[in-house]
Trainee: 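The structure under discussion is supplied below as structure tokens; questions concerning it will follow.
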Amino acid sequence: MKTITDQYQRPIISLRITLTNLCNLNCIYCHHDGMESSKDEMSADEIYKICEIAKNIGVKKIRLSGGEPLVRKDIVEIIEKIATLDFKDISLTTNGVLLEKYSEDLKKAGLNRVNVSLDTLKPDVYQFITKKDYLEKVKKGIVKAVDAGLDPVKINMVLMKGINEDEVEEMFEFSKKYGIVLQLIELVESENCDDDKFSKEYHYSLESIEDELASRADHVKTRKFMQSRKKYYIDGGEIEVVKPMDNTDFCKNCTRLRITPDGKIKPCLLRNDNLVDLISHIRRGDNDSQLKERFLIGINNRKPYNME
Ligand code: SAM
């Protein structure tokens, strides 16, 4: 199926589905993937239907996120169903707390790869960031994901001034040991913390780190459809740098549509005023071409949040 492009010639390649708002951690900085909270969740069959229509309009990749996607009791069933649609890639972003339990089943169900959020290897810092004591559990989960054959496994590390910016090297060593790609993420503002405290105390620019990585790298790759983010190959390991999303480059290269946990199409990460209802159309029995029409409205609503 040919990929559809929006009015700004951006192809719609991937669909990011937020499976739930619920999470088993309460990270100090969490932006909840730009989602407004909602109690309503989609069933596994409804998620399958959404993916089926997405596939029909040329979407190639599915990413499952949250909240925490692994708190859904039917997560394996959801992936099994989506996997029958034969996407090029099915991935999941998780905090890793339940990864030890689920890695093998997820792989068997058809999950290709996983991103695990882990900002520190120090127990006290982990407790400070997440309010929980699950560091060892998460580390075991990461190793289990590698052993289960999920590939690549990536670690998402949000850098915060005075909290973990001095841990990059240690995290890189841990990642290299297991063949994991390390993604360094620049902190962005979130309603979970008050903005003043947020930017003054914790924001840490990744520029100096990127300069250092560039000088150490054997090879650097720019990922065009991934917001031009750079990947540095150093001493047999890989580090990617994820800069803030509120810039024109991010918007220009955005190929992603999102689905909220309560089944709305979200055309832009940074906006909630142009959502398109999909779930009530599925629930009232609309046919596939009517559901495709909902997607096309969503795609038509895609306007770059930041324009040049
Ligand atoms: N619960 C899952 C997890 O922890 O990976 C999925 C949801 S979480 C919102 C998705 C990603 O967003 C995580 O990698 C997290 O580190 C990142 N994230 C959350 N808030 C952020 C912020 N304020 N700035 C940068 N990244 C953030």
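For ligands, and for the atoms within them, numbers begin at 1 and follow the listed sequence.
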Trainee: Is the closest N or O pair between R16 and ligand 1 shorter than 3.5 Å?
Mentor: no

Trainee: Which ligand 1 atoms are under 4.0 Å away from a heavy-atom of T93?
Mentor: 2 (C), 5 (O), 6 (C), 10 (C)

Trainee: Got a list of side-chain donor-acceptor pairs under 3.5 Å for residues 144-157, not counting sequence neighbours?
Mentor:
{"residue": "K154", "atom": "NZ", "partner": "E240", "partner atom": "OE2", "Å": "3.0"}
{"residue": "N156", "atom": "OD1", "partner": "N115", "partner atom": "ND2", "Å": "3.2"}
{"residue": "N156", "atom": "OD1", "partner": "Q183", "partner atom": "NE2", "Å": "2.7"}

Trainee: Within 45° of the ring axis of F172 and under 6.0 Å from its six-membered ring centre, is that where the NZ or CZ of K176 lies?
Mentor: yes

Trainee: For ligand 1, which is the ligand I care about here, please tell me if S65 has any N or O atom under 3.5 Å from one of the ligand's N or O atoms.
Mentor: no

Trainee: Based purely on interatomic distance, does D119 place a nitrogen or oxygen under 3.5 Å from a nitrogen or oxygen of ligand 1?
Mentor: no

Trainee: Please confirm whether H32 comes within less than 3.5 Å of ligand 1 when only nitrogen or oxygen atoms on both sides are compared.
Mentor: no

Trainee: For I185, take its heavy atoms, then give the atoms of ligand 1 lying under 4.0 Å from any of them.
Mentor: 25 (C), 26 (N)

Trainee: Mark the output for G67 as yes if a heavy-atom distance to ligand 1 is under 4.0 Å, and as no if none is.
Mentor: yes

Trainee: Tell me whether R302 contacts the main-chain N or O of C254 through its side chain, where contact means a donor paired with an acceptor under 3.5 Å.
Mentor: yes

Trainee: Could you list the donor-acceptor pairs under 3.5 angstrom formed by side chains in residues 77-85, with sequence neighbours left out?
Mentor:
{"residue": "K81", "atom": "NZ", "partner": "D45", "partner atom": "OD1", "Å": "3.0"}
{"residue": "T84", "atom": "OG1", "partner": "K81", "partner atom": "O", "Å": "2.6"}

Trainee: Which of the atoms in ligand 1, numbered in the order shown and given with their element, are less than 4.0 Å from a heavy-atom of N156?
Mentor: 14 (O)

Trainee: Show me which atoms of ligand 1 lie under 4.0 Å from any heavy atom of E186.
Mentor: 25 (C)

Trainee: Which residue from V116, L22, V188, T20 reaches closest to atom 24 (N) of ligand 1 through any of its heavy atoms?
Mentor: V188

Trainee: Can an N or O of E68 be found at a distance shorter than 3.5 Å from an N or O of ligand 1?
Mentor: yes

Trainee: Is the closest heavy-atom distance from M157 to ligand 1 below 4.0 Å?
Mentor: no

Trainee: Is the closest N or O pair between T94 and ligand 1 shorter than 3.5 Å?
Mentor: yes

